[in-house]
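Structure record follows, encoded as structure tokens.
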Protein chains: 2
Amino acid sequence: MKQAANTAANSIPPAALGRLTRYLAHVQELMRQGAEWVSSATLARALGLTSSTVRQDLTHITFSGISKRGYRVKGLERALSEVLGADRSWEVVVVGAGNLGRALALHEDFTRRGIHICGIFDNDRAVVGQRVGGLTVGGMQTLRRTVRKHGAAMGIIAVPAAAAQEVADALVAAGVKGLLNLTLTHIATPPGVPVIDSRIAAGLQELSHAIRNA
Amino acid sequence: MKQAANTAANSIPPAALGRLTRYLAHVQELMRQGAEWVSSATLARALGLTSSTVRQDLTHITFSGISKRGYRVKGLERALSEVLGADRSWEVVVVGAGNLGRALALHEDFTRRGIHICGIFDNDRAVVGQRVGGLTVGGMQTLRRTVRKHGAAMGIIAVPAAAAQEVADALVAAGVKGLLNLTLTHIATPPGVPVIDSRIAAGLQELSHAIRNA
DNA sequence: TAGATTGTTAATCGATTAACAATC
DNA sequence: TAGATTGTTAATCGATTAACAATC
């Protein structure tokens with residue numbers, strides 16, 4: 001009897017998961033171009049990987065290639081979408097209505113990817129009540145209500161670093177299941193609540209190092 | 001004779017480099033709080049790591065702790081700043097004057113970290129000429145001139161995915177030495193030009209996966 | 001001094017790559 | 001069929017953790 005692939009028990013290694021998002025983006029582009037098949041070697045070349053890595057990574061999704069042909073683009077796209085939650089839409093709240101928070105609330109790339117921002121919040125009285133696209137900035141005391149009402153699963157932390165942990169706590173208390181952290185601060189959460197760091201500022205620092213030591 | 005630490009030849013492993021930015025952020029916070037000393041165990045607890053990892057990572061910078069005391073906060077901050085280029089300022093250009101590009105151009109957290117945005121560019125006629133804080137959005141044909149004039153070392157790609165590679169090529173041609181990519185697209189560059197992906201959209205997809213499989 | 005904490009070595013663990021039999 | 005490409009196994013490489021002697 002074969003083992004069921006990809007259950008909670010045998011989950012995807014972090015390194016592979018990070019690449020699946022890149023495969024999905026590229027395969028969606030291939031689909032727009034009308035490609036029907038793609039090989040591990042072609043994918044690898046396009047993304048700066050080895051074909052071996054690509055094949056290994058794709059063993060973690062419930063989809064198989066075909067010897068001699070490669071992977072059917074449409075099926076691959078569907079399988080990757082499913083595993084990355086891109087096959088449905090997600091309700092997301094943003095905390096922090098500064099430049100970055102407002103930009104994300106308006107980001108069209110999110111809309112296209114099924115990310116629906118259902119609320120934006122700030123603790124600054126001067127900002128609460130302002131319009132951001134179709135939304136009105138709410139006070140922090142209204143966060144929980146919005147999260148419950150829309151079933152928001154994710155929260156984006158777009159506040160100054162000093163307030164980041166406090167906002168994370170409020171988001172978790174309000175009921176979100178995962179956090180995207182835009183600050184440079186480390187965020188602690190209860191077990192089972194994943195945090196992903198966006199690494200914008202950190203990325204520039206890593207670049208500084210790489211450039212200086214080039 | 002001891003070997004010189006940390007020359008171009010024995011550069012910092014990527015995994016460690018990624019954590020150095022987190023140490024720096026935390027150590028700067030400790031400095032604001034007036035702490036004089038910090039141990040590997042304390043740092044580890046604050047950042048969700050093991051003390052072993054912290055000590056290993058810190059062997060890559062030219063700074064030593066002291067048995068029984070730990071690391072002097074001030075010296076550690078200085079050493080980390082130096083290796084991450086946070087001890088000087090960097091000129092950076094942004095391409096793409098949409099919501100996200102404008103938000104980054106105005107991002108105060110950058111200013112505080114020595115990131116100076118010296119230009120913002122777009123190929124949309126309707127946007128060129130608009131003011132963004134103290135800057136005016138320039139056309140793409142003016143990119144090279146600005147990069148040269150300010151000695152901009154980094155470029156931020158904040159355009160739609162479809163234009164990302166083209167913009168990357170233009171930035172490299174204009175003379176920047178490293179790129180921060182805000183899109184989900186893989187960016188190819190000539191050898192020696194590092195690219196760092198900010199993974200905002202990718203991060204949300206990884207979260208989707210983690211939440212669904214929780 | 002005694003005890004705490006570093007720096008370092010060795011062991012473990014995980015990720016990547018190479019190689020190749022299976023196969024369409 | 002012959003050839004190309006997958007899926008998988010084994011080998012290599014790198015990252016993390018454990019352990020402990022050195023030391024302030």
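In what follows, every chain begins at residue 1, and chains take the letters A, B, ... in the order their sequences are listed. Here the structure is a predicted model, which is why all the values come from computation and not from measurement.
Among the heavy atoms of the strands lying under 4.0 Å from A:Ser64 are primed sugar atoms or P, OP1, OP2 only; no base atom is included. Using a 4.0 Å heavy-atom criterion, one finds that B:Ser40 contacts the sugar-phosphate atoms exclusively.
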Would you list the atom pairs, donor with acceptor, under 3.5 Å between side chains in residues 65-77 of chain B and any protein atom, with sequence neighbours excluded?
from: B:Arg72; atom 1: NH1; to: B:Glu36; atom 2: OE1; distance (Å): 3.4
from: B:Glu77; atom 1: OE2; to: B:Gln28; atom 2: NE2; distance (Å): 3.0
from: B:Glu77; atom 1: OE2; to: B:Ser81; atom 2: OG; distance (Å): 3.1

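Sorted by residue number, the list of members of residues 186-195 of chain A with any non-hydrogen atom under 4.0 Å from DNA chain C is empty.
Computed from coordinates, the B:Leu58 CG to C:dT5 P distance equals 15 Å when rounded to whole Å. Rounded to an integer number of Å, the gap from CD1 of B:Ile12 to C1' of D:dG14 is 16 Å. For the pair B:Leu43 CG and C:dT6 C1', the computed distance is 13 Å after rounding to whole Å. Atom pair B:Ile61:CD1 and C:dT6:P shows a separation of 13 Å (rounding to whole Å applied).
Applying the salt bridge (Lys or Arg N to Asp or Glu O under 4.0 Å) rule to pairs touching residues 151-162 of chain A yields nothing, sequence neighbours excluded. Here ring pair (Phe, Tyr, Trp, His ring centres under 6.0 Å) pairs that include residues 72-115 of chain B, with residues two or more places apart or in two chains, are B:His107-B:Phe110.
Pairing of C:dC13, defined by two Watson-Crick or G-U wobble distances under 3.5 Å, is identified with D:dG14. Base-pair partner of D:dC20: C:dG7 (Watson-Crick or G-U wobble, both distances under 3.5 Å).
For the atom pair CG (A:Leu47) and CD1 (B:Ile187), the distance works out to 11.0 Å, reported to the nearest 0.5 Å.
Counting only heavy atoms from C-beta outward, the side chains of A:Ile157 and A:Val95 never approach each other to under 4.5 Å.
The heavy-atom pair separating A:Ala173 from A:Arg148 by the smallest distance is O-NH2, 3.7 Å.
Look at B:Glu91 and B:Lys149 and you find no salt bridge, because none of the NZ, NE, NH1 or NH2 atoms lies under 4.0 Å from a carboxylate O.
With sequence neighbours left out, the salt bridge (charged side-chain N to carboxylate O under 4.0 Å, His left out) criterion links A:Arg102 to no other residue.
No option in B:Ile115, B:Val83, B:Leu17, B:Thr21 other than B:Thr21 meets the side chain to side chain contact (heavy atoms under 4.5 Å, CB included) test with A:Gln205.
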Base, backbone or nothing for each nucleotide of nucleotides 15-24 of chain C, written B, S, -, heavy atoms under 4.0 angstrom, 5' to 3'?
SSBBB---BB
